Amino acid sequence: MSTITTINPATEQPIETYELMSEAEATRRLEASHEAFLEWRKLSHQERAPYLTRIAQKLRDNADELAELMTRETGKLLKDGHTEIKICAAILDYTAKNGPEMLADEERTHGTKGQRGVVSYQPIGVIYSIQPWNFPLYQPIRVLAANLMAGNGCVLKHASICTGSGLRLRELCIEAGLPEDLFQVVLIDHDTSDKLIEHPKVRGVTMTGSDGAGRHIGSVAAKALKKTVLELGSNDAYLVLEDADIETAVKFSAMGRLYNNGETCVSAKRFIVTDKVYDAFVEAFVAQMKSVTMGDPMDEDTDLGPLSSQDQFDTVKSQVDESVEKGASILCGGEAPDRTGAYYPATVLGDLKPGMPAHDDEIFGPVASIIRARDDEHAMQLANESRYGLGGGIFSRDEGRALKLARDHFDTGMVRINSFGAADPNMPFGGVKDSGYGREHGGFGMKEFVNAKAIFLP
């Protein structure tokens, strides 16, 4: 493939065609980022901060254009695009405000006489960022903000279907005054990407995507002795305990399953419902999912837009069909409408068992999996039996008990109690098990790709 053509998944019309870069061109851009890094690293954290706040303002100033571009490239609701831009600006502002203090030198002591020691968080070089299409601005921004503050350069390989969003982000960063070569966007195939990972000027690799892709990228990086941060897929369980408020559970379960057209790694996917409240929850939840308005993602009244591509539609459809063939029941949805675009309806599946895609795997679309549990203890057990461990949720009227379950028993990186949300600048983001490793946000991302340098004074 020598070109990339982006396609609007709502209309099936092509948007733009781009030439893929040669390995030589991609390498040149990587080396240019490294040269810019050598100057950027000389700035103090306080001197870097204003660049981030200016980028945040550029995003806000161009919010309408950016939201529309993301909708055309990926089918996300226009209103969700505006929310994404607000989150990106908040991350940049948070990093600018808190980064200098979080990355400041730390005074310590060493030796038997308590001699003075200093821990300094020094930048290491160019970070290679491999990002997916579901949040075309948020995914690259969360890497870029942290690493610009740390003093690193950044090279982005974005998903091909949102190429325009990646290129526009770089343009806005340059308009905001960022040195032109510091942040690069490369349009390359997977083989060239592997070559970049191995390049000596790449000092770290961060990737968001499937666990299969994470295994490949992690192994290539490991062979080259490069540190990685991997934020991979998940099959997040939301527990509806015996004392749950059903109205609250249904509200946030539907929101959690349909947010971003169901194409979110940390969205609610498996709903593990205790026997005591099973019938009440399922009846209300199915009614809520049936009431969803599917349509043009540009329309303010639309609740559910198309999937991001025909390939994604085919994947979701095959996962549902296979689950049904193996005995799952369709409680609503499950049949794609006869219309132009990659539209898949809000779907609820019941009678799920191990061995079904809807039970074991991540369905990246508006498909909810209902699993019955005997009681609260059984619900927690079922939640943790997944190979994934990114996020999860608990619905319970007893907040203290829910907190204890979340803290002591839920084997995930993040847990929501009686709520749903995707990411917050002040809280760590990341998972365990096949959902990857490393953390972003909350200050943690700023220290993933730095040299924690120990300096011993006499």
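If you read the sequence from its start, that first residue is 1, and numbering goes on from there. Remember, predicted model here, so these are calculated numbers, not experimental data.
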Practice task
Please check if the side chain of Glu263 supplies one atom and the backbone of Ser308 the other of a donor-acceptor pair under 3.5 Å.
Solution key: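 Yes; at least one donor-acceptor contact below 3.5 Å.
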
Does atom [atom1] of [X] have more than 12 heavy-atom neighbours, drawn from other residues, nucleotides or ligands, at distances under 6.0 Å?
X: His378; atom1: NE2; value: yes
X: Glu65; atom1: CD; value: yes
X: Lys251; atom1: NZ; value: no
X: Lys447; atom1: NZ; value: yes
X: Tyr121; atom1: OH; value: yes
X: Lys79; atom1: NZ; value: yes

Exercise for the section: Could you check whether the rings of Phe252 and Phe395 sit parallel, tilted or perpendicular, using 30° and 60° as the cut-offs? Expected result: parallel

Problem - Mutual orientation of the aromatic rings belonging to Phe271 and Tyr238 [parallel < 30°, tilted 30-60°, perpendicular > 60°] - result: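 It falls in the tilted class, 30° to 60°.
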
Any non-hydrogen side-chain atom of [X] less than 4.5 Å from a side-chain atom of [Y]?
X: Phe285; Y: Val348; answer: yes
X: Leu66; Y: Arg168; answer: yes
X: Asn418; Y: Asp245; answer: no

Handout entry: Spatial distance of atom CD (Glu84) from atom CD1 (Ile141) [nearest 0.5 Å]
Key = 9.5 Å

Exercise for the section: State the CG-OG distance between Asp303 and Ser291, to the nearest 0.5 angstrom. Expected result: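 Asp303 CG to Ser291 OG: 7.0 Å, rounded to 0.5 Å.
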
Practice task
Salt-bridge test for Asp93 and Arg60: reply yes if a basic N is under 4.0 Å from a carboxylate O, no otherwise.
Solution key: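 The answer is yes: the pair qualifies as a salt bridge.
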
Problem - Pair Glu335 + Lys317, salt bridge at N-O below 4.0 Å - result: no

[X]-[Y] side chain donor-acceptor pair, cut-off 3.5 Å:
X: Asp211; Y: Tyr388; answer: yes
X: Ser234; Y: Asp236; answer: yes
X: Gln381; Y: Glu377; answer: no
X: Tyr128; Y: Ser193; answer: yes
X: Glu19; Y: Thr3; answer: no
X: Asp314; Y: Gln310; answer: yes
X: Thr248; Y: Arg397; answer: no
X: Asn260; Y: Lys76; answer: yes
X: His216; Y: Asp194; answer: yes
X: Arg257; Y: Ser267; answer: yes
X: Thr340; Y: Glu12; answer: no
X: Tyr18; Y: Thr6; answer: no

Practice task
Check the pair Asp243 / Ser396 against side chain to side chain donor-acceptor pair (under 3.5 Å), numbers first and verdict last.
Solution key: CA-CA 5 Å; Asp243 69 340; Ser396 170; 2.8 Å; yes

Practice task
Mind checking side chain to side chain contact (heavy atoms under 4.5 Å, CB included) for Asp299 and listing every partner two or more places apart, or none if nothing turns up?
Solution key: Asp296, Asp301, Thr302

Practice task
Decide side chain to side chain donor-acceptor pair (under 3.5 Å) for Thr83 and Asp80; before the verdict, give the C-alpha distance in whole Å, the side-chain angles of both, and the deciding distance to 0.1 Å.
Solution key: CA-CA 5 Å; Thr83 300; Asp80 285 351; 4.9 Å; no

Problem - Aromatic ring proximity His441/Tyr138, centre distance under 6.0 Å - result: yes

Exercise for the section: Step by step, work out the side chain to side chain donor-acceptor pair (under 3.5 Å) result for Thr208 and Gln131. Expected result: CA-CA 5 Å; Thr208 299; Gln131 298 302 329; 3.3 Å; yes

